[in-house]
There are 2 protein chains.
Amino acid sequence: MSVREPGARSASVKDVAAAAGVSLGTVSNVLNRPDRVSPGTRERVLKAMTDLGFVRNESARQLRAGTSRTLAYVMLDASNPFFTDVADGIDAAAEAADLSLVLCNSRDSASREQSHLALLEQQRVQGILVTPVDPDSPSLDEVARRGTPVVVVDRTRADQSFCSVAVDDVLGGRLAVEHLLDRGHTRVAYVGGPAHLGQVHDRLEGARSAWAAAGHPEDALAVIETSALTVAEGREAGARLAGIPTRRRPTAVFCANDLVALGLLQHAISSGVRVPDEIAIVGYDDIEFAAAAAVPLTSVRQPRQLLGRTAAELVLDEATNVGHTHRQVLFTPELVARSSTLG
Amino acid sequence: MSVREPGARSASVKDVAAAAGVSLGTVSNVLNRPDRVSPGTRERVLKAMTDLGFVRNESARQLRAGTSRTLAYVMLDASNPFFTDVADGIDAAAEAADLSLVLCNSRDSASREQSHLALLEQQRVQGILVTPVDPDSPSLDEVARRGTPVVVVDRTRADQSFCSVAVDDVLGGRLAVEHLLDRGHTRVAYVGGPAHLGQVHDRLEGARSAWAAAGHPEDALAVIETSALTVAEGREAGARLAGIPTRRRPTAVFCANDLVALGLLQHAISSGVRVPDEIAIVGYDDIEFAAAAAVPLTSVRQPRQLLGRTAAELVLDEATNVGHTHRQVLFTPELVARSSTLG
DNA sequence: CCTCGGTGTTGAAAGGTTTCAATCCGACGG
DNA sequence: CCGTCGGATTGAAACCTTTCAACACCGAGG
């Protein structure tokens, strides 16, 4: 029952074999094909294992077997509920395939992402799912080229160099603005940034197309750019909005994600602006906190779990199926109307 | 530039050595002690590596070296922002120690937790941080006894069998209720559950002690038990609260965590109950969404990142320091008063 | 009594990296 | 010209598990 000192060597199959008085091949059989071993010896071996505190050395196992039983998701930002929901979906699929999932958080840093990718590659994980800081980064291609299946999650890329799973952001933007037009709004603002983010850009594009289709002059759709998609930036944008004279102030706002929308909502309420009467708000992602906001938020829902599950399935196909061909899956978003636009 | 088929063997040091016309010892030197190798050969070896798409095999490395460079955090519920903040703190410490952090999500399931622990142990990670489903589970002891440093995060245990890092929940409960007493409330309810959770129990205990210290009869502190600490349960509790006749209805509520508080807040606002005038609300954890709520939430702040950072430091000490002794660190929470109690 | 079939067990090889003692080679001092 | 020294390179062993062909044993069938 003693505790091992740091650095002390742990028991190996050889030790177990010696203690049980069998060969080490037999110990291995107990671990991997217990039915091949007679009950008597099996008991003896198992007892020796618990006595010695034997722990199978996964490195050696994997070295010999050449294969690992884990999948990895390198997430962009673990504190955004959207990504943890995606991770849940991946987890479900991994569990179904009897793999375990490890998560790495790059916290928006390309270098952290880089070192996670390197380590996972060296560990010979079955596949890597990643929401990259920059989808065009060549290091993704390198990892894939060297043989580790890579699937890009919630981002896309012009070329088709690997599988990806994403949601149609242009359509999402269109849905949001069409909804606002249906509700009779004629002065609308889009809030989000930085502009170079694919999501921010695509959602705006969708918004503009719906706006133009309704016959409004394109440049009458105001754009308020933020420096990040966070709650704090949303509040900030709310303040800027409040500075616009009432007669010209938008009566509705479409935010690039729910965090921004929640910040904006908070600013509105705390400064006495009524939602949706004076200003209607549409968010994006439909995270749990959107429905739970003080004024439940109308939002564009993305199939988060499904996104994760599908990505996991793609990476597994690539890992096991020789005839695999890359696919770009694009899901359809859906508008969920709640009080923040419905009065 | 060709892509390897699934199952194809990747290049090894031996292949690199052959391609560069050196021995494999030299290749290893290039990887581990580049200064020992003359610039000429080094270049040649590096070129061979990129040509062949060489990826160091971490299993073999670790098998030989006997040590890994990773730390793991087995989190209880990745979709609770509280835990992702703790993970950020751990990550910071890991980065400082030049280790990489992998996250596993047990999603409130003891069996998932179990299999994550087993795998991590077999991978010989440097240490395991865990917020367990059940802190008294004997499998934690077994892992520790067999030699992997284990630190329990945000939970405690009667015995001192390993290091733990937690926050004084009894004090937190006291702070919350003292604040409400200061604001003149005389009818207060505690909302949380299930009761067997250590946190739920301790916070209530603290609440009761403050309540009694103010001379109020102990049983006059109402308790509304929920079946989980979620937003949905918070809404539910709000509905139950609303069912109490006004004259007997509590004028203030102390919730066992912010998710419950946010749900309760949402119910109040949507049914026209004014916060804090008709009902004051105190949450617990001070997650980011608490400050960003429509009525910013008064909450008991826990030092989340510090919790994580300290836990990581403890596990590293245990992993490297032979003279390590277990410590139970208890942090002090702090009340953050906002509009939900301040009018 | 011998052979056969089957069950249970063994021993050695393989997998990729790191380490370290040993070797090699060129340069330099004597 | 020889011996020596230092830096660069090599080869073999070790890490632990898994696999698989070979072996020992036993009872049944001929």
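Computed from a predicted model, the values in this text were never measured in an experiment. The figures here come from the full heavy-atom set of this structure, side chains too, leaving out hydrogens, waters and symmetry mates.
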Touch class at under 4.0 angstrom, heavy-atom based, for A:Ser38 against every strand present: sugar-phosphate
Salt bridge (Lys or Arg N to Asp or Glu O under 4.0 Å) contacts in which one or both residues fall within residues 41-50 of chain A, not counting sequence neighbours: A:Lys47-A:Asp51
Over 12 non-hydrogen atoms of neighbours within 6.0 angstrom of CZ in B:Arg327: no
Span of DNA chain D in contact with chain A (heavy atoms, under 4.0 Å): D:dC16 to D:dT19
Main-chain N/O of B:Ala78 paired to B:Asn105 side chain as donor or acceptor, under 3.5 Å: yes
Terminal helix-axis angle for the helix from C:dC1-D:dG30 to C:dG30-D:dC1, with five pairs defining each axis and rounding to 10 degrees: 60°
Shortest non-hydrogen contact between A:Ala94 and A:Leu71, atoms and distance: CB-CD2, 4.2 Å
Show each protein N/O and nucleotides 14-18 of chain C N/O combination with a separation under 3.5 Å, one pair to a line.
residue, atom, partner, partner atom, Å
C:dA14, N3, A:Arg64, NH1, 3.2
C:dG16, OP1, B:Arg9, NH1, 3.1
C:dT17, OP1, B:Asn57, N, 3.4
C:dT17, OP2, B:Val13, N, 2.4
C:dT18, OP1, B:Arg56, NE, 3.1
C:dT18, OP1, B:Arg56, NH2, 3.4
C:dT18, OP2, B:Asn32, ND2, 3.3
C:dT18, O2, B:Arg64, NH1, 2.8

Pairs where residues 146-156 of chain B contributes a residue and the test salt bridge (Lys or Arg N to Asp or Glu O under 4.0 Å) is met, not counting sequence neighbours: B:Glu121-B:Arg146
Minimum heavy-atom distance B:Thr148-B:Gly127, with the two atoms named: CG2-CA, 4.3 Å
For the student: nearest non-hydrogen atoms of B:Ser10 and B:Asp15, plus distance: O-OD2, 4.3 Å
Inter- and intrachain pairs under salt bridge (Lys or Arg N to Asp or Glu O under 4.0 Å), touching residues 68-85 of chain A, at least two apart: A:Asp85-A:Arg304
Residue pair A:Arg61 / A:Asn32, side-chain donor-acceptor N/O under 3.5 Å: no
Backbone of B:Asp134 reached by a side-chain donor or acceptor of B:Ser137 within 3.5 Å: no
